[in-house]
Participant: 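Sending over a structure as structure tokens; questions will come in a sec.
Numbers restart at 1 for each chain; the letters A, B, ... are given by sequence-line order, proteins then strands.
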Amino acid sequence: MYSSFGIITPANRHVWVEGLQDYRPIGSFSFLGRYRVIDFPISNMSNSGIDRIQVYIRRKAVSLIDHLGSGRHYNINSKRGKLQPLFSENTGEHDIYNTDIAAYIENMEEIEKLTHTYVVIAPSYMVYAMDYDSLIHTHAESGADITLLYHSVDNARESFLNCNTLNLNKQKGVLSVEKNQGTAKNRNIFMDTYVMKRELFIELITKANKLSSMYTMSDILNDLCCELDIRGVAHRGFFASITDFKSYYDANMALEDIKMSQNLFSEDWPIYTKTNDSCPTRYFETAEVTSSVVSNGCMIKGKVENSIIGRGCVIKEGAVVKNCILLTDVLIGEGVHVENQVVDRRAKLTQVKEIVADPETPGYIKRGDTI
Amino acid sequence: MYSSFGIITPANRHVWVEGLQDYRPIGSFSFLGRYRVIDFPISNMSNSGIDRIQVYIRRKAVSLIDHLGSGRHYNINSKRGKLQPLFSENTGEHDIYNTDIAAYIENMEEIEKLTHTYVVIAPSYMVYAMDYDSLIHTHAESGADITLLYHSVDNARESFLNCNTLNLNKQKGVLSVEKNQGTAKNRNIFMDTYVMKRELFIELITKANKLSSMYTMSDILNDLCCELDIRGVAHRGFFASITDFKSYYDANMALEDIKMSQNLFSEDWPIYTKTNDSCPTRYFETAEVTSSVVSNGCMIKGKVENSIIGRGCVIKEGAVVKNCILLTDVLIGEGVHVENQVVDRRAKLTQVKEIVADPETPGYIKRGDTI
Amino acid sequence: MKQNNMLAMILAGGRGSRLHDLTNKVAKPAVSYGGKYRIIDFPLSNCANSGIDVVGVLTQYESILLNSYVAAGRRWGLDAKDSGVYVLPPREKADANLNVYRGTADAISQNIDFVDAYAPEHVLILSGDHIYKMNYAEMLAEHKAHNADATIAVIEVPKKEASRFGIMNTDEEGRILEFEEKPEKPKSNLASMGIYIFDWKLLRKMLVADMKDPDSNHDFGKDIIPQLLADDRKLQAYKFKGYWKDVGTIDSLWEANMDLITDNNDLNLNDPSWKIYTEDVTTLPQYLGPNASVKGAFVTQGCMVDGEVNHSVLFTSAKVGVGAKVIDSVLMPGVVVEEGAVVQRALVADNVKIGKDAVVGSADSENIELVAKRVKGVE
Amino acid sequence: MKQNNMLAMILAGGRGSRLHDLTNKVAKPAVSYGGKYRIIDFPLSNCANSGIDVVGVLTQYESILLNSYVAAGRRWGLDAKDSGVYVLPPREKADANLNVYRGTADAISQNIDFVDAYAPEHVLILSGDHIYKMNYAEMLAEHKAHNADATIAVIEVPKKEASRFGIMNTDEEGRILEFEEKPEKPKSNLASMGIYIFDWKLLRKMLVADMKDPDSNHDFGKDIIPQLLADDRKLQAYKFKGYWKDVGTIDSLWEANMDLITDNNDLNLNDPSWKIYTEDVTTLPQYLGPNASVKGAFVTQGCMVDGEVNHSVLFTSAKVGVGAKVIDSVLMPGVVVEEGAVVQRALVADNVKIGKDAVVGSADSENIELVAKRVKGVE
């Protein structure tokens, strides 16, 4: 096992998930009912034997801090390891100065304190499974200065528009890091995941900070593509980047299919989360639930189809929930028909009986709203 | 035992402790070497059977979040109870809008979620021991709407200048809450500690917020002294308010005296803190330590007198430390004489051989400085 | 201990032999219940919710799973600084050889040193195999209010069933005048729930005397309580109202599970103010497939259903294949019901596989069928 | 378990009878050491720091304090989700009566079901009463690199003392060719530290056979290791360099404490990269009064000194009054040395009070005096 620590980064200022992000950072979004998005990068690190993890937080920290807790539920030894929230207080949310580099510089003392050889940087807003220890191994064996993880996709024209792409040579050397402009179908989407030596990391952020207060990690890498040996490693398996509302909806919906979910979840790669100690879900005599993912603590009397049902939801008699994502503690009243919607926490849908959006542009119902 | 939850508040914008507060909130200040100031209010609540505690944080959260951890070291059941950090993000540090009321309003959802009958509000910047369950009992038995804790002092002319005072009638009814102007020797210093019903609390903060965006809890109480039955309860035992640099220094120094410390610490009222797993302190052959409080993990070869020595300090041969507070991991080099100083974390005093301040105006050496 | 000065001791040594194969490798308190729980989660969660910090669990027979399970006090939040769940099997001492516990009272007697280390004012004695929610803090408050030497929780049982229980005869204020173990002609319908609060000093004295008594069964019901009454001590009854079940047999375990899907279910596991805590198992959420039909069922995380489930309780990670039917049944953790199989009026033990098209149990059986071994299906 | 697939089993059943009154009520691994630790903190902290998640502690004799102590896995961070410290005393089983462990190997044999539940690739066997810091992850890496069946940690001892140890004779690559228990004429100076890594499948097979062998002592050193050598298995020696101490007597326990105040102390408890974790006791910091003189001493939190302390180790909350002298001594937790008393070349047991002006021990005694009972002073 390699000596390494982990860094989990918030989304940069170009990313905004309508609605949901008003209330919490993307890492804290409910995912597939049971999880939060950040469970994936943390579980990946924990399973890879990385027990010192810095989680950078920019705003709306309450739910995330609560979810991270002591880190014990991620199987991290609380004496030897640490799941440490770090804050960016110096920059505002939409500042041009709000970059990953600025966050590192602000917390440089905490980075310099560590003595691990390698650092693994992973985003809090992407969902995938990856053994970072074997990624470090690949990195170390290759002799590269920096290794970047990417996923080859064939739908880059309409998806991943908030992501960077890697332009690679035949030897997987990175020629440039570029924004996805949606101009081509096939792209190597950069998974915002980096492996390098700790020393180089500190050197890079110091350099980037000197060059420009607006520089991000991907900017400085793009500058250094010629100077350094930067390589791409391809990721296989399920991959989702949650960088806008549609990608959040689609990522959840894709995993409603049990077969697809087997590309993400496996016995020997547990995805940990924080338990809420909810009791099992009760299906009443009138319940009709098909092709859905259901969390614990629900009371279901109505019809549910092709949906993700969060913890503690109540679906009354005669209600119809179709192609929806219900977050925690949502109430769907008697006879209410809701379709193609993301319903945020504690919303109560009782009065209006028909709430249907177009499948291509799913709707969003605000946290705590009564409709 | 009464059904109650706790709130621990940060200092308001009038309070500023030179030097130290640049790096962390007052609750996170090292105290008596081994503790942090916030250990006192949290231990008071835990010992009083209050296991649901909200800690309001305004800035520089890292050290405080780390120290609070899961709350288990404060003896709080992590399933049934919760030590919950809450953040004020909407207002800046020195804003006129930065008030306790604004922080409550920002986190109203978290307050409304609770179902306890009473709330106990205590400051994160005062040091005292108090059984809040018996305070609630006194409150409930008296029939008062609100009970405030105060401490009668005879040095209000020169001390407690950042504090409020209670103007009481013979029946301990509160006539007004006023700033201590330093105009009289004897004052009832308000300990910024409140007991009331949760419903009244919510009513008050809603009302205060409507009246003025600058209103604080003490402002609204002052307004309502006639309308409501607000009473004072006197506190006995050790009391310190850490609201400027001198009061921080004096509070530590006062407790260097073992007899004085018995007014604060007792067998049946443990003050919990977070362990750092340091080994015991080693005194070398040349050590001369008298009238001092020493934490674990130190290596002492020099002379220490009337001082508080934090965790992991190294005091080399020939060094003299007198009337000082050394925070964690401070190094005092060979032959260095330091007197009447607060030395912040990881400072290294090696080059300048004489660092002496006036006892009335103790000096401050910055975090991480090499001198 | 700080808050209420009461320590809890859970008697968890029962073999549970009427649960047959379910308790071959698992002590009765560790038997699974209610989809995601084990029976002992109930007294332990009650302790946590009642503000009790320190719990001793007295184990005996084949308790490796039970020991490991309760040792992880974090499951009930019982792992704060001065808190803990301590497993107390019989042990060798300087002045005594290694020996099994001779009775419920002996189990405590042999651990007097453990209790003494905490010097509690009160000791709460509980049973590890009952399903109920009770606020022991309220019981303690009543104990104190009555200035009692001991308080015993009682529940009203139907008169005709009273002779199966230990019956307390009390005066109007609830003071216990007489205790009869399984009386032929019960004088009241107040049955002891086996939940006692004692002042530790008094109990300690009684236990020391009891240990030396060659005629004693070293049992609370048979020896300690009668002796206290004989000594004219003040014993108070604490009346409990609500769901309470001792699941001694396969039929009653099945019934207790079925209670969770009836509409007047007093247990209410969905009450956020009194949660029952349990092991946090890493699984997927529930997956219901395109062919699923789940009605009148209690289903927990990790389950995958693509068949028909009717009036049944599915435990962690149970799986029901396409075209399979599960009716009036309990599927314990990890059970797999393969395609086309039918399970009816059965309780299927942990990790048992019901093969393709196999048929298990029947709609009109008198007793619930316990399926503890793999049932081969059509190959 | 995920990280390295190795489970640790700590043998902690030793009576420690040569420690006399110190082990009357406390098993040897729970004896206090180094100001704030207990001996078993060392193997447990080593496990935590080596990335081991699951530890079984095999206890036996009078282990209530030891059992309670190690059960709180949080002390070593061994309380994460799939992590834990499990106390494993002897127990009654369906097919076996309650019986003590017959030897070190039998202790593991009787807990095969526990180990099987985690299905580890490797098992690390440790002793609960040695003081040292070792990275077991490195030992495992060497075990794997050598493709060994078992790896045994060894330490070089002075040739003349070698006959007191189990000695390993190895070839140049460190393969163990021969093992001799306390040989009269030792062929090497590599002593076994009683630390073994085994492949679990192999060890399991060996243990099952050993259990049935009527002539076996059921001991690793006497039976399992010789059998492995006889079977021509690949046994590798892992050379350890550093501090290692088995504190069997009062003198050696005293010495081990004194080692902490010598300048060439290899143990280095102040190393932030390999901390030794222990119980987090609530105390004040150290208070040194106006008359204090503390030189050449190791002093921990809660101590209050207003007298003279010279070349001594003071454990948690020890107190030394005005004019008292503590020289070349060890004061265990809670010891009080009253005004004017003199303690010299002594080891004072937990909570013992040395009365006013009393004199204990002497500068020229051959052995260290163990003070286990209150010493009355001048009234």
Participant: Check the pair C:F298 / A:T281 against side chain to side chain contact (heavy atoms under 4.5 Å, CB included), numbers first and verdict last.
Facilitator: CA-CA 6 Å; C:F298 207 56; A:T281 277; over 6 Å; no
Participant: With a 4.5 angstrom heavy-atom cut-off, is it the side chain or the backbone of A:I309 that approaches chain C, or both, or neither?
Facilitator: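 For A:I309, neither part sits under 4.5 Å from chain C.
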Participant: Can you tell which part of A:R72 gets under 4.5 Å to a heavy atom of chain C, answering side chain, backbone, both or neither?
Facilitator: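 Just the side chain, heavy atoms under 4.5 Å.
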Participant: Considering only heavy atoms and a distance below 4.5 Å, find which of A:N306, A:V294, A:V293 pairs most often with chain C.
Facilitator: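 If we count pairs closer than 4.5 Å to chain C, A:V294 comes out on top.
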Participant: Is C:K36 reaching over with its side chain to a backbone N or O of A:D277, donor-acceptor style, under 3.5 angstrom?
Facilitator: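 Not at all, since once roles are kept as given, no pair shorter than 3.5 Å links the two residues.
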Participant: For chain A, which residues from residues 301-338 of chain C have at least one heavy atom closer than 4.5 Å to it?
Facilitator: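 Contacts with chain A: C:Q301, C:M304, C:N310.
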Participant: Identify which part of A:F265 has an atom lying under 4.5 Å from any heavy atom of chain C, answering side chain, backbone, both or neither.
Facilitator: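 Side chain only.
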Participant: Between A:D257 and chain C, with a heavy-atom cut-off of 4.5 Å, which part of the residue counts as in contact: side chain, backbone, both or neither?
Facilitator: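 Interface part for A:D257: backbone (N, CA, C, O).
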Participant: Looking at A:K303, I'd like to know if its NZ atom is crowded, meaning that more than 12 non-hydrogen atoms belonging to other residues, nucleotides or ligands lie closer than 6.0 Å.
Facilitator: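 Counting neighbours around NZ of A:K303, 12 or fewer heavy atoms of other residues, nucleotides or ligands fall under 6.0 Å, so no.
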Participant: Please name the pair of heavy atoms, one in C:G35 and one in A:P280, separated by the smallest distance, quoted to 0.1 Å.
Facilitator: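 Closest pair (atom of C:G35, atom of A:P280, distance): CA-CG, 4.1 Å.
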Participant: Tell me, yes or no, whether the heavy-atom count around C:K356 atom NZ, taken from other residues, nucleotides or ligands under 6.0 Å, exceeds 12.
Facilitator: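 Not buried by this count: 12 neighbours or fewer within 6.0 Å.
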Participant: Going through the checks in order, is the side chain to side chain contact (heavy atoms under 4.5 Å, CB included) test met by A:N296 and C:T300?
Facilitator: CA-CA 6 Å; A:N296 271 11; C:T300 195; 2.9 Å; yes
Participant: Select, from A:C298, A:S295, A:S261, A:G312, the one with the greatest count of heavy-atom pairs under 4.5 Å involving chain C.
Facilitator: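 If we count pairs closer than 4.5 Å to chain C, A:S261 comes out on top.
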Participant: Is it true that atom NZ of C:K245 has more than 12 heavy atoms of other residues, nucleotides or ligands lying nearer than 6.0 Å?
Facilitator: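 More than 12 heavy atoms, drawn from other residues, nucleotides or ligands, come within 6.0 Å of this atom.
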Participant: For chain A, which residues from residues 251-290 of chain C lie under 4.5 Å away (heavy-atom distances)?
Facilitator: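 So far as heavy atoms go, C:L260, C:I261, C:T262, C:D263, C:L269, C:N270, C:K275, C:I276, C:Y277, C:T278, C:D280, C:V281, C:T282, C:T283, C:L284, C:P285, C:Q286, C:Y287, C:L288, C:G289, C:P290 are the residues that approach chain A to under 4.5 Å.
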Participant: Between A:I300 and C:K295, is any pair of side-chain heavy atoms under 4.5 Å apart?
Facilitator: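 A:I300 vs C:K295: side chains apart.
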